[in-house]
2 protein chains.
Amino acid sequence: MDMKEIAMLLKDHGIKPSHHRMKIYEYLVTHRNHPNVDMVYQELIQEIPTLSKTTLYNTLNLFLNKGLVQLITIAENEMHYDADVSMHGHFMCKECKKIYDIWFEDNDIVLPDLKDFAVDESHIYFRGTCLACLNKQLQD
Amino acid sequence: MDMKEIAMLLKDHGIKPSHHRMKIYEYLVTHRNHPNVDMVYQELIQEIPTLSKTTLYNTLNLFLNKGLVQLITIAENEMHYDADVSMHGHFMCKECKKIYDIWFEDNDIVLPDLKDFAVDESHIYFRGTCLACLNKQLQD
DNA sequence: AACAAATTTGTAATGATTACAATTAATTTA
DNA sequence: TAAATTAATTGTAATCATTACAAATTTGTT
């Protein structure tokens, strides 16, 4: 996804595509690693030495409000962000803290329609231990 | 659920049933309101004027580790707790912040078995607006 | 009662996030 | 094009949930 496409995507979501905003979205869409704020910051500060964390928070909240990214509240002490807003689940390894995408077969999961609620977001979270960390534990 | 039953339940989970611990669990099991730490504190401090928030945090973490309660990470800035550890979903209203239980019909939801992951916990979260808040909005 | 172990407490530290006012950059108007 | 207006970005300080830690209290044991 090149910068021209990113600019158009932001515009389509009612977001003026400033340089900072484009770089932040570019980070999310190329890494796809469900980063927390600091992961984005540590990477972008090298290209944009003046970048402020407040700008990051402002921008990510703007993206959230415009529906450009989704918020992942699977961790206990910090937010994570996902540029993929399509319906899929997330698994967090309690050992390495890594967050994995969980893709479902088409009919694997059908969430029920909720009466008495206007639902904006649906999330499916799993916690446990990932294969890499299970193997590491066997070596001890 | 009386105190004798609570004491037995704690013991069955390897937790020595001190008075504080029993009162904290009693709060969770009788209110069933998915409280945050402060909600428990504000109620119990009236009966136990010496209660410390550190004790609350310690106790809730102990309950979590022993599998007596489950952690709800649906809110963006604080943890919520649920004494009902059976599989059910949660809906959080963005307006009033209230958390509702979502019960599924038996075959309504079948979460897939994940290869390459040892899953300890599965959570289904919804966010949106509850009926009470939708009606309130119509009045304006 | 005396000792040891477990529980509870109070205070201070941590760390993610937000508030807010100042600065800088971009856009519009004259 | 320059001044004026608006929007975006920055830096610092505040907020607030949670944890660290050592002291005090309670409980259980010889």
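Within every chain, numbering begins at 1; the chains are lettered A, B, ... in the order of the sequence lines, protein sequences first and strands thereafter. Small disclaimer: the values here were computed from a predicted structure and weren't measured.
- The distance between atom CD1 of B/Ile48 and atom P of C/dG10, rounded to the nearest whole Å, is 13 Å.
- Each of D/dT9, D/dG11, C/dT8 was ranked by its minimum atom distance to the side chain of A/His20; first place goes to D/dT9.
- Here A/Ile99 is tied into one hydrophobic group with A/Ile72, A/Ile74, A/Met92, A/Tyr125, B/Ile72, B/Ile74, B/Met92, B/Ile99, B/Tyr125, each link being a pair of ILVMFWY side chains closer than 4.5 Å.
- Within the 4.0 angstrom heavy-atom criterion, only backbone atoms of the sugar-phosphate kind lie near A/Ser18; the bases stay farther away.
- Here the C1' atom of nucleotide C/dA26 and the CZ atom of A/Arg21 are 12 Å apart, to the nearest Å.
- The interatomic distance linking B/Gln42 (CD) with D/dC16 (P) rounds to 13 Å, in whole Å.
- To the nearest angstrom, C1' of C/dT7 lies 15 Å from CG of B/Leu60.
- Applying the salt bridge (charged side-chain N to carboxylate O under 4.0 Å, His left out) test to residues at least two apart or on different chains, none of the pairs has a partner in residues 61-72 of chain A.
- In this structure, A/Leu138 shares a hydrophobic cluster with no other residue, the cluster being traced through Ile, Leu, Val, Met, Phe, Trp and Tyr side chains under 4.5 angstrom apart.
- Legend: residues meeting salt bridge (Lys or Arg N to Asp or Glu O under 4.0 Å) with B/Asp38, ordered by chain and number and at least two apart, are B/Lys53.
- Per the geometry, CG belonging to B/Leu56 stands 16 Å off P belonging to C/dT7, to the nearest Å.
- What separates OH of B/Tyr41 from C1' of D/dA17 is a distance of 14 Å, to the nearest Å.
- Each of A/Thr50 and A/Lys16 lies near DNA chain D, and the nucleotide nearest A/Lys16 is the one positioned closer to the 5' end.
- No donor-acceptor contact under 3.5 angstrom links the side chains of B/Asn36 and B/His80, judged on distance only.
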Show me the protein contacts with nucleotides 15-21 of chain C, counting only N or O atoms at under 3.5 Å.
residue, atom, partner, partner atom, Å
C/dT17, OP1, A/Met79, N, 2.8
C/dT17, OP2, A/Tyr57, OH, 2.8
C/dT18, OP2, A/Asn61, ND2, 3.4
C/dA19, N6, A/Thr54, OG1, 3.3

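- For B/Phe117 and A/Tyr100, the ring centers sit closer than 6.0 Å to each other.
- For the pair B/His19 NE2 and C/dT8 P, the interatomic distance rounds to 10 Å; values are reported in whole Å.
- Distance A/Met22 CE to D/dT9 P: 11 Å, rounded to the nearest Å.
- Residues passing the side-chain contact (heavy atoms from CB on, under 4.5 Å) test with B/Asp12, sequence neighbours excluded: none.
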